[in-house]
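To keep things clear, I will list the structure first and then write my remarks on it.
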2 protein chains.
Amino acid sequence: MKHLRTVTYVAEVARAGSIRRAAERLNLTPSALTRQIQDLEYELGTPIFERLPQGMRLNAAGELFARHIRDQVADLDRVRSQIADLSGVRRGHVSLACSQAFVTQVVPEEVEAYRARFPQVGFMVQVRDHAQAVTALAAFEADLALILQPPPSAELHPLFSGHQTLCALMRTGHPLASETGPVRLRDCLGHALALPDHSLAIRHHIEHALARRGVELRPVVESGSLEFLRNLVLREDLISLQIPSGIPQDPRLHSRPIDLRDLTPMTLVLAQLRGRSLSVAAAKFADQLVVRLNREAV
Amino acid sequence: MKHLRTVTYVAEVARAGSIRRAAERLNLTPSALTRQIQDLEYELGTPIFERLPQGMRLNAAGELFARHIRDQVADLDRVRSQIADLSGVRRGHVSLACSQAFVTQVVPEEVEAYRARFPQVGFMVQVRDHAQAVTALAAFEADLALILQPPPSAELHPLFSGHQTLCALMRTGHPLASETGPVRLRDCLGHALALPDHSLAIRHHIEHALARRGVELRPVVESGSLEFLRNLVLREDLISLQIPSGIPQDPRLHSRPIDLRDLTPMTLVLAQLRGRSLSVAAAKFADQLVVRLNREAV
DNA sequence: GCCCCCGTTGCCGAAGATGCAACGACACGC
DNA sequence: GCGTGTCGTTGCATCTTCGGCAACGGGGGC
């Protein structure tokens with residue numbers, strides 16, 4: 001919006017770290033930018049940037065002002081979304097940061113369902129681990145975060161919280177696939193394992209449980225990609241450990257929950273940034289997602 | 001601030017109810033205004049005003065947008081205040097809506113004390129009854145409200161809450177002034193009364209108590225001005241009823257609390273609008289006021 | 001000492017905002 | 001029914017503001 005042009009210049013200079021770089025990103029000349037900044041600093045009665053030989057950096061006053069700008073832009077987005085919603089056609093944009101476990105089933109299905117009702121709403125889905133997800137929320141890069149094992153953070157405002165038990169995942173021909181129902185963890189450890197690597201919360205959760213028993217984990221394959229692990233499981237007699245929400249419907253795959261005596265369920269949370277008010281689109285999508293999660297998680 | 005110029009036009013048109021009246025207040029021509037409004041509506045993709053024969057009125061979208069503007073302006077004020085506070089000299093502005101009872105002693109003393117520490121801070125003190133005070137807060141015309149008998153309102157966020165017992169106020173020569181300590185209400189009713197009128201919460205409080213006893217109040221003088229009542233009490237053998245915080249130190253005046261069996265204490269509240277963040281100046285003044293009120297009210 | 005990147009400034013053209021005058025629409029009073 | 005006043009709006013001229021261009025001075029790195 002026009003009236004925010006000047007102030008977004010400030011945000012861009014802060015981000016770029018120098019007037020010249022910011023000018024380039026904004027398709028402006030440095031002179032135009034430096035003037036806008038100076039005018040603004042005059043209006044505020046105080047500089048908001050430190051002039052360093054290698055560029056510009058926000059000072060304390062600038063930090064306050066930059067935060068104000070960010071809030072203002074976000075709030076305007078929210079208002080525009082509310083206004084669009086008044087006219088019946090819901091427009092808007094939803095930005096979601098989620099754990100890898102959810103990109104297989106939950107999120108694509110829900111986005112599809114939502115977009116079937118409101119085709120004018122755009123989506124942006126980023127895969128992030130739990131720490132990155134919080135960062136994305138705080139930087140206003142994501143409206144919502146759907147993550148496993150959320151880190152304790154005052155900035156996180158949960159919209160849904162539930163639990164899911166990890167499942168042993170194998171192909172139908174696997175020895176353990178002859179039975180259904182819970183399986184003991186020690187039975188799994190006797191077979192070849194294909195596990196998520198340490199970039200994923202699932203792995204930490206398993207190791208945390210085994211550490212107390214003094215058992216060491218010796219996976220034959222580990223990967224940061226749950227999809228890769230599943231594809232591997234289809235080809236070999238391997239066992240992977242994944243959460244039910246992330247396991248696709250596939251007759252070639254068999255999954256059995258790990259016995260609750262061996263592994264506590266993982267926490268699954270849908271959250272937004274505390275104190276931020278969501279756009280209509282994001283709020284409604286969150287509502288829908290909560291309904292789904294209530295079906296899937298305990 | 002420059003970048004808010006356009007949007008404040010909207011606020012002014014909404015307030016004035018017509019482009020022409022708003023233009024006059026803004027020292028602009030109607031043509032300039034109508035264009036700005038049109039541009040903004042184009043940017044938003046929807047009209048925000050209803051065009052009526054007798055002027056302009058905000059529509060639903062406009063209400064949302066106007067609220068956004070109001071919030072932004074208030075937030076910018078807060079940020080500027082915080083920035084000013086960084087430099088050591090506290091600047092800013094505090095706007096207080098208070099009951100008449102407090103303009104005699106409490107508020108002038110506290111304003112003086114505050115301004116002695118921070119001379120750069122300006123004050124605006126409006127006398128409002130409890131209903132008007134809430135309105136003033138909600139319209140962002142006041143940062144703080146210091147009122148008696150606050151109406152139940154979800155918009156009110158109390159920063160302090162206490163009680164004060166009404167006092168019988170008389171001149172030193174009055175028959176009841178020979179004693180100190182609590183006085184029964186029926187003893188007061190036997191003398192000529194000069195009471196606050198129905199525009200003041202004190203009067204309602206008294207009548208509420210008497211109504212349960214079936215006693216009717218027959219004041220010989222009533223007034224909306226507590227100061228007038230005090231001045232009258234100095235000249236005649238009259239009894240007035242006022243709260244201790246509003247009674248000035250004066251050897252010619254004598255006051256005795258009403259017995260607690262006859263009259264419950266009045267509630268005294270310092271409040272802000274819920275969800276609004278105060279400027280540094282207002283927040284610090286509120287802190288100071290709370291300290292004082294803790295000394296005066298139970 | 002040289003080079004590169006930095007922010008800044010004077011000057012000029014382009015874009016935007018504003019004022020002036022006039023138009024059409026509607027409400028109100030006679 | 002018909003002026004009259006007020007309303008928002010529009011075409012055109014004017015003025016302010018914004019941006020681009022080129023050049024300057026300053027500081028870090030080699």
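In what follows, chains carry the letters A, B, and so on, assigned in the order in which the sequence lines appear, proteins first and then strands, with residues in each chain numbered from 1.
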For nucleotides 20-27 of chain D, tabulate all protein N/O to nucleotide N/O atom pairs closer than 3.5 Å, reporting atom names and distance.
| unit_1 | atom_1 | unit_2 | atom_2 | d |
| --- | --- | --- | --- | --- |
| D:dG20 | OP2 | A:Thr29 | N | 2.7 |
| D:dG20 | OP2 | A:Thr29 | OG1 | 3.0 |
| D:dG20 | N7 | A:Ser31 | OG | 3.3 |
| D:dG20 | O6 | A:Arg35 | NH2 | 3.1 |
| D:dC21 | N4 | A:Ser31 | OG | 2.8 |

Could you check how far CZ of B:Arg57 sits from P of D:dG8, rounded to whole Å?
14 Å

Separation of C:dT9 P from A:Leu33 CG (nearest whole Å):
14 Å

From the candidates D:dT9, C:dT9, C:dG7, the one with an atom nearest any side-chain atom of A:Gln38 is C:dT9

I need the B:Leu273 CG to B:Glu141 CD distance, nearest 0.5 Å.
12.0 Å

Does any donor atom in the side chain of B:Gln149 or B:His205 lie under 3.5 Å from an acceptor atom in the other side chain?
yes

Just checking B:Arg67: does its CZ atom have more than 12 heavy atoms from other residues, nucleotides or ligands closer to it than 6.0 angstrom?
no

Residue pair A:Met56/B:Arg5 against DNA chain C: nearer the 5' end by closest nucleotide is A:Met56

Just by distance, with hydrogens left out, do A:Asp75 and B:Gln72 show a side-chain donor and acceptor under 3.5 Å apart?
yes

Working to the nearest 0.5 Å, report the span between CZ of B:Arg117 and NZ of B:Lys284.
9.0 Å

Rounded to whole Å, the CG-P distance (A:Leu52 to C:dG7) equals 10 Å

Once you apply a heavy-atom cut-off of 4.0 Å, does A:Phe49 come out as touching a base, just sugar-phosphate, or nothing?
nothing

Just by modelled atom types, is the A:Pro196 backbone N or O under 3.5 Å from a matching donor or acceptor in the A:Arg203 side chain?
yes

So what does B:Ser18 hit on the nucleic acid, given a heavy-atom distance under 4.0 Å: a base, only sugar-phosphate, or nothing?
sugar-phosphate

Taking five pairs at each end, how big is the angle between the two axes of the helix from C:dG1-D:dC30 to C:dC30-D:dG1, to 10°?
30°

For B:Leu96 against B:Leu146, the heavy-atom pair lying closest together:
CD1-N, 4.1 Å

Can you tell me how far P of D:dG8 sits from CG of B:Leu58, to the nearest Å?
13 Å

Distance, rounded to the nearest Å, where B:Gln54 contributes CD and D:dC7 contributes C1':
9 Å

Between the protein and nucleotides 12-16 of chain C, are there any N/O to N/O pairs under 3.5 Å, and if so, what are the atom names and distances?
none

Is A:Tyr9 close enough to D:dG19 that one of its side-chain N or O atoms is under 4.0 Å from OP1 or OP2 there?
yes

Taking CD from A:Glu24 and P from C:dG7, how many angstroms apart are they, rounded to a whole number?
12 Å

Take the protein atom CD of A:Glu50 and the nucleotide atom P of C:dC6, then report the distance between them rounded to whole Å.
17 Å

Are A:Glu12 and A:Arg15 ion-paired here, with the side-chain N under 4.0 Å from a carboxylate O?
yes

Protein-nucleotide distance (B:Ile37, atom CD1; D:dC7, atom P), rounded to Å:
15 Å

Restricting to non-hydrogen atoms, name the atom on A:Glu43 and the atom on B:Arg80 that form the minimum distance, rounded to 0.1 Å.
O-NH2, 3.0 Å

Between atom CG of A:Asp85 and atom CZ of A:Phe118, what is the distance when rounded to the nearest 0.5 Å?
7.5 Å

Which atoms form the tightest heavy-atom contact between B:Ile19 and B:Thr34, and what is the distance?
CD1-CA, 3.8 Å

B:Thr29 and B:Ser31: side-chain donor and acceptor closer than 3.5 Å?
yes

May I ask you to verify if any side-chain N or O of B:Arg21 is less than 4.0 angstrom from the OP1 or OP2 atom of D:dT6?
no

